[in-house]
Q: 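After the structure tokens below, expect a handful of questions from me.
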Amino acid sequence: MKFTSAGAIAADTRLLDKLTGIRRDIHQHPETAFEEVRTSDLVAAALTELGIPIHRGLGKTGVVGTLQGKRPGQRRIGLRADMDALFIHETTGLPYASKIDGKMHACGHDGHTTMLLGAAGKLAADPDFAGTVHFIFQPAEEGLGGGRVMIEDGLFELFPCDAVYGVHNAPKSPLGKVETRPGALMAAGDTWEVIFKGTGGHGAMPHMATDATVAAGHFISGLSSIISRNVPANERAVISVGHIHAGDYNSPNIIPSRVIVRGTARSYVPDVRNTLERRLGELASGCAAAQGVEAHLIYTRRYPPLVNAPAQTELAVRAAAATSGAENVDADCAPLGGSEDFSFMLEKVPGAYVMIGNGDGENSHFVHTPGYDFNDELIPYGVAYWMNIVALELGDAAD
Ligand SMILES: [Zn+2]
Ligand SMILES: [Zn+2]
């Protein structure tokens, strides 16, 4: 099995028409976390039609297809795509726009699912490789950690993998341009909440009260010092406040007894993540003590940082170069601020995750916005990239 370029896949117009049809069909019928029933039925039917044995039910709606190469080999790899949509009302006005009010594929997971199905079809037609490919279609990437749930349900016990790979489209990036890096590519995405509790009281008599609002105010002003004073200068981290709640809009003359501040914390290495959690608690307690009120921190570790293994990243870069041309591959991009639950799989199995440009035309939109659409011209890049990963991992492309 040799390398495949995106151009070679794009030249197969019959295949491309079929895949575009699948992509738009999924796009019209978006399903959110753990409810990807129709989508997983579609995936299961497509794999079955290709003669690929499937296993269903990991992470509720997850589907795993397993393809053996026709040559003997012990190595096993996992290729992963996500299937879920978002709670956003689509405004693209496209003929194949979402048919479900309030839900849309605004992150391109319709395209990710299609690209992996396309690769499964090509590989099943000519499994000229040595070993096993597991096609992993996971639910609930957006926030609910479907990847983690699949692992808890036994993904890697049932389907052991020596390496795993993932891709995501990159909005506003040139079509087919691949970006990745060894080490931390994406951040740990945690949420935190601090509850300040005082006595509250009459707004005219603050000396009779303890005031949680003042403590919360000092806490919020102090947050940036955690980044500037506690995180080493050669590391990165972000803390943002996303929600503040206190008192009642109709009661400006009442000192609230409770103030809730909620936010996000992003980091790339365990040490910094631990520092953020510890210092948020210490800052909250210190600010509370200064006002004679109490503070309670709830820190929720959601997605770990996404850490690419060096050897698999190198292999992914070679696969990307064979797909898009070496000049269209950035093998050492800056770490991204977002989070991704493929990180749970990378905690268990070495692997690599890459971003592939969705196109940077005038009408391109960021993911998670109502005008976004996955670019069908990206499908051949994704299909070829997956084939090249298999060629390098299990084929003789490297020879
Ligand atoms: Zn997303
Ligand atoms: Zn996404």
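Indexing begins at 1, ligand by ligand and atom by atom, following the structure's order. The structure presented is a predicted model; accordingly, all values stated were derived computationally and were not measured.
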Q: Salt bridge or not between Arg301 and Glu277? Use side-chain N to carboxylate O under 4.0 Å.
A: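 Glu277 and Arg301: salt-bridged.
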Q: Restricting to N, O or S atoms, which atom of His368 is closest to the Zn ion (ligand 1)?
A: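 In His368, the heteroatom (N, O or S) nearest the Zn ion (ligand 1) is NE2.
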Q: Testing the 3.5 Å rule here: is there a donor-acceptor pair between the side chains of Gln138 and Asp341?
A: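 Asp341 and Gln138 do have a side-chain donor-acceptor pair below 3.5 Å.
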Q: Restricting to non-hydrogen atoms, name the atom on His365 and the atom on Tyr372 that form the minimum distance, rounded to 0.1 Å.
A: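 His365 and Tyr372 have their closest heavy atoms at O-CD1, 3.3 Å.
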Q: Quick one: do Asp41 and Arg56 make a salt bridge, cutoff under 4.0 Å?
A: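 Answer for the salt bridge query: yes.
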Q: Compute the ring centroids of Phe374 and His109, then answer whether they are less than 6.0 Å apart.
A: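 Aromatic pair excluded; centres sit 6.0 Å or further apart.
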Q: Which salt bridge (charged side-chain N to carboxylate O under 4.0 Å, His left out) pairs, counting each pair once, include a residue from residues 347-374, with sequence neighbours left out?
A: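 Checked against salt bridge (charged side-chain N to carboxylate O under 4.0 Å, His left out) - neighbours excluded - the pairs reaching residues 347-374 are Arg23-Asp373.
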Q: At a cut-off of 2.8 Å, list the protein N/O/S atoms near the Zn ion (ligand 2), residue plus atom name.
A: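 Listed by chain and number: Cys107 SG, His109 NE2, His168 NE2.
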